[in-house]
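Working notes for the structure below.
Letters A, B, ... are given to chains in the order of the sequence lines, protein chains preceding strands, and every chain is numbered from 1.
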Protein chains: 2
Amino acid sequence: MVTIAEVARRAGVSPSTVSYVLSGKRSISSATRSRVERSIKELGYHPNAGARALASSRSNVVALMMPLRTDMYLPVMMEIAVAVATTAREHGYDVLLLTGEEGAQAVRRIHGSSRADAMILMDVELDDERLPLLRDAPQPVVLIGRPADPSGLICVDLDFAAAGAACVAHLAGLGHREIALIGEAPAVYERHTGFAERTLAGARGEAAQLGVRMLHRPTEGTYEAVAAQLARIFDERPGTTGFIVQNESAIEPLLSLLRQRGRAVPEDVSVVAVCPEQAALHASVRLSSVALPAQELGRRAVERVMDRLSGRTCEQLDLLEPALTQRGSTGPAAAPGS
Amino acid sequence: MVTIAEVARRAGVSPSTVSYVLSGKRSISSATRSRVERSIKELGYHPNAGARALASSRSNVVALMMPLRTDMYLPVMMEIAVAVATTAREHGYDVLLLTGEEGAQAVRRIHGSSRADAMILMDVELDDERLPLLRDAPQPVVLIGRPADPSGLICVDLDFAAAGAACVAHLAGLGHREIALIGEAPAVYERHTGFAERTLAGARGEAAQLGVRMLHRPTEGTYEAVAAQLARIFDERPGTTGFIVQNESAIEPLLSLLRQRGRAVPEDVSVVAVCPEQAALHASVRLSSVALPAQELGRRAVERVMDRLSGRTCEQLDLLEPALTQRGSTGPAAAPGS
DNA sequence: TGCCCGAGTCGAAGCGCTTCGACAGAGTAT
DNA sequence: ATACTCTGTCGAAGCGCTTCGACTCGGGCA
């Protein structure tokens with residue numbers, strides 16, 4: 001492995017000068033700079049990460065902690081992870097991938113060993129066991145998602161309440177008076193995952209305000225489960241004409257089942273989803289949807305990290321405005337009684 | 001941050017003794033060992049990763065490089081990544097997540113900077129630009145997937161050719177004489193992704209051998225694209241009764257379209273997929289399928305890495321036997337002429 | 001009895017880098 | 001001309017750990 005000393009020797013300068021060329025922390029004459037840079041290029045020099053971390057006590061690594069459960073939204077998680085990795089690289093950082101499995105232990109390990117300079121956590125639960133640890137962490141911590149009490153933490157999230165409300169408002173605006181929200185699996189609500197509960201709350205609030213009747217049905221992502229829920233919904237509320245879906249794997253089953261029942265989308269019933277753009281575009285009907293901006297979330301999380309690492313302050317809570325795009329799956333409610 | 005010196009002082013030993021307790025590289029009396037261990041626990045000591053890496057020239061990190069394109073199989077990639085991270089942890093390693101974006105540059109950077117001790121690459125293309133670099137890498141490299149020339153590289157992969165053959169054999173065994181393979185998007189074949197081509201080759205070979213006529217149709221994962229391809233297939237070969245699908249997002253559209261055309265699965269047509277178990281179980285019909293063992297691939301890749309890191313030799317090519325599970329989507333071909 | 005050996009421990013020398021203080025020399029203000 | 005200030009560079013001191021050689025102390029063997 002080529003070291004800074006070799007680069008220095010070849011350029012006829014001292015190692016510290018090479019270091020200053022690399023870091024830009026002291027001014028260097030352009031003649032020296034270019035000699036050093038040539039030398040670096042010619043030798044194919046890359047600073048040793050360990051030595052650098054030891055000397056500067058900064059590792060240039062951001063740790064990314066995956067959710068404890070990976071039973072949902074895998075593609076979304078993946079997109080976020082890739083966006084985090086890409087954005088981090090733009091800032092000269094690498095990403096350490098941690099699974100939630102080790103829990104709080106992993107947080108301690110990373111902090112204790114200075115393996116990373118900061119930490120991003122995805123999909124933290126409303127009262128996650130790691131929260132106290134994160135609050136007085138020695139390093140910047142950014143959450144993607146929002147716990148019950150976000151005080152002392154930096155959070156980046158889609159405004160799911162607004163997303164839920166937007167869906168209801170959209171349907172209500174089209175004249176739908178009875179709607180159903182097909183949600184994530186029951187387990188997701190049971191473990192108090194923030195985004196699911198917030199969407200529901202936002203939708204309920206808007207429904208109450210607009211005088212729309214709304215049914216909430218948590219649903220597993222299997223075809224059978226969706227079929228069962230759909231049957232129950234039409235049983236209980238035969239007049240249901242609007243659907244909100246927040247469960248990527250329920251989308252296609254739902255569309256398929258509606259077709260089978262002879263309910264045309266959007267003529268007879270309207271469907272609006274909260275899902276990644278990609279999913280909305282790939283469905284058998286182009287879905288009106290509120291986009292789940294996975295990449296944007298990942299990007300912003302890294303940017304908040306960089307803010308903190310460079311001493312800048314930033315918003316505690318960075319809530320993305322949801323954007324509802326109307327496509328082919330929503331339309332005016334059939335005139336009542338017709 | 002607490003250092004090894006503090007641990008040593010508190011335990012009344014020298015730093016080197018603590019180090020030996022930690023590494024087990026020299027024998028330590030059990031009395032000393034337990035004093036040191038208590039001291040470690042009480043102080044909450046974690047060895048500084050940078051210092052350790054510098055002194056030992058081993059970082060205890062495995063780099064995981066994502067595919068260049070993330071236009072497909074996101075959930076599979078994710079599963080692999082999580083399995084890699086989990087398995088690596090079991091061996092005391094962390095995982096550095098790299099995107100393919102930087103290409104060969106990233107490979108050089110990681111090797112040059114000793115940021116990782118080994119590297120795992122996912123979904124390498126048949127003649128990937130990074131291959132030469134990887135061949136004479138200073139560190140163990142393991143590929144998940146298989147390039148055209150795997151010499152000098154360690155590869156872990158599902159035996160996709162066998163998987164393709166198994167699908168054909170399964171359908172042929174049920175009496176189907178005309179089958180269609182609905183494949184990944186054309187772009188995937190164009191960039192010569194190994195698994196797609198191998199599946200096709202395996203299927204073709206088996207079809208030829210068993211005297212089955214087979215059509216290959218690369219297909220985008222949208223509903224429209226699948227609809228168009230299906231129309232073409234039935235146009236060209238109205239007698240087609242068997243389908244092999246190797247494109248996760250085409251599955252549900254296909255099933256839905258067959259339903260619309262009044263072709264019952266599995267009474268009229270049979271469908272067998274190459275996809276993750278999860279996808280096969282969640283589809284609207286329980287799919288007969290060859291499982292894509294994402295977790296197993298990730299786990300094995302890490303194990304090959306550990307083999308190499310500890311000086312063991314291992315198979316150059318670790319091909320997983322495909323397993324076809326018959327579920328509700330395949331059945332005997334209708335008697336000809338009936 | 002003397003010698004050797006292994007077990008258990010310590011001290012010190014780095015690993016490759018950053019960074020601080022020092023310093024030479026050129027420019028600027030007096 | 002003097003006294004500064006800046007700019008550009010160097011040397012040396014660590015950062016916290018691992019590891020090598022050396023040392024001590026008992027026990028076993030001749």
Item to complete: Give one of base, sugar-phosphate or nothing for B/Ser29, where a contact means two heavy atoms less than 4.0 Å apart.
Response: sugar-phosphate

Worksheet item: If you measure from the Lys or Arg side-chain nitrogens to the Asp or Glu carboxylate oxygens, is any gap between A/Arg10 and A/Glu6 under 4.0 Å?
Response: no

Practice prompt. Using whole Å, report how far CG of A/Leu54 lies from P of D/dA13.
Written response: 17 Å

Worksheet entry | Presence of A/Thr32 side-chain N/O under 4.0 Å of D/dT9 phosphate oxygens OP1/OP2 | yes

Worksheet item: Nearest to the side chain of A/Ala55, which nucleotide is it out of C/dT18, D/dC10, D/dG16?
Response: C/dT18

Discussion item. For D/dC10 and A/Thr17 - does any side-chain N or O of the residue sit under 4.0 Å from the phosphate oxygens OP1/OP2?
Written reply: yes

Discussion item. Is the phosphate of C/dT19 approached by A/Lys25 (side-chain N or O, under 4.0 Å from OP1 or OP2)?
Written reply: yes

Practice prompt. Before accepting this row, confirm whether a basic side-chain N of the pair B/Glu101/A/Arg89 lies closer than 4.0 Å to the acidic partner's carboxylate O.
Written response: no

Worksheet, complete the sentence: Whichever of A/Arg26 and B/Pro15 has the more 5' nearest nucleotide on DNA chain C, that residue is B/Pro15

Worksheet item: Which part of the nucleic acid, if any, lies within contact of B/Ser16, taking any heavy atom under 4.0 Å across all strands shown: a base, the sugar-phosphate backbone alone, or nothing?
Response: base

Discussion item. Between the base of C/dC17 and the side chain of A/Tyr20, is one N or O donor paired with an acceptor at under 3.5 angstrom?
Written reply: no

Practice prompt. Taking only the side-chain nitrogens and oxygens of A/Arg52, find out if one of them lies under 4.0 Å from OP1 or OP2 of C/dT18.
Written response: yes

Practice prompt. Starting at atom CG of A/Leu22, determine the distance to atom P of C/dT18, rounded to an integer number of angstrom.
Written response: 6 Å

Worksheet item: NA contact type, A/Thr3, heavy-atom cut-off 4.0 Å: base, sugar-phosphate, or nothing?
Response: sugar-phosphate

Worksheet item: Going by an N to O cut-off under 4.0 Å, is there a salt bridge joining B/Glu296 and B/Arg299?
Response: yes

Worksheet item: Among C/dT19, C/dC17, C/dG8, which is the nearest nucleotide to the side chain of A/Pro47?
Response: C/dC17

Worksheet item: Can you check whether A/Tyr45 has a side-chain N or O nearer than 4.0 Å to OP1 or OP2 of C/dC17?
Response: yes

Worksheet item: Can you tell me if A/Ser113 and A/Arg115 form a side-chain donor-acceptor pair at under 3.5 Å?
Response: no

Practice prompt. May I ask you to verify whether the side chain of B/Arg35 and the base of C/dG8 hold a donor-acceptor pair under 3.5 Å?
Written response: no

Worksheet item: With a 4.0 Å cut-off on heavy atoms, is B/Ser56 in touch with a base, just the backbone sugar-phosphate, or nothing at all?
Response: sugar-phosphate

Response to the item:
Rounded to whole Å, CD1 of A/Ile40 lies from P of C/dC17 at a distance of 10 Å

Fill in: Atom-pair distance (CD1 on B/Ile28; P on C/dA7), nearest Å
12 Å

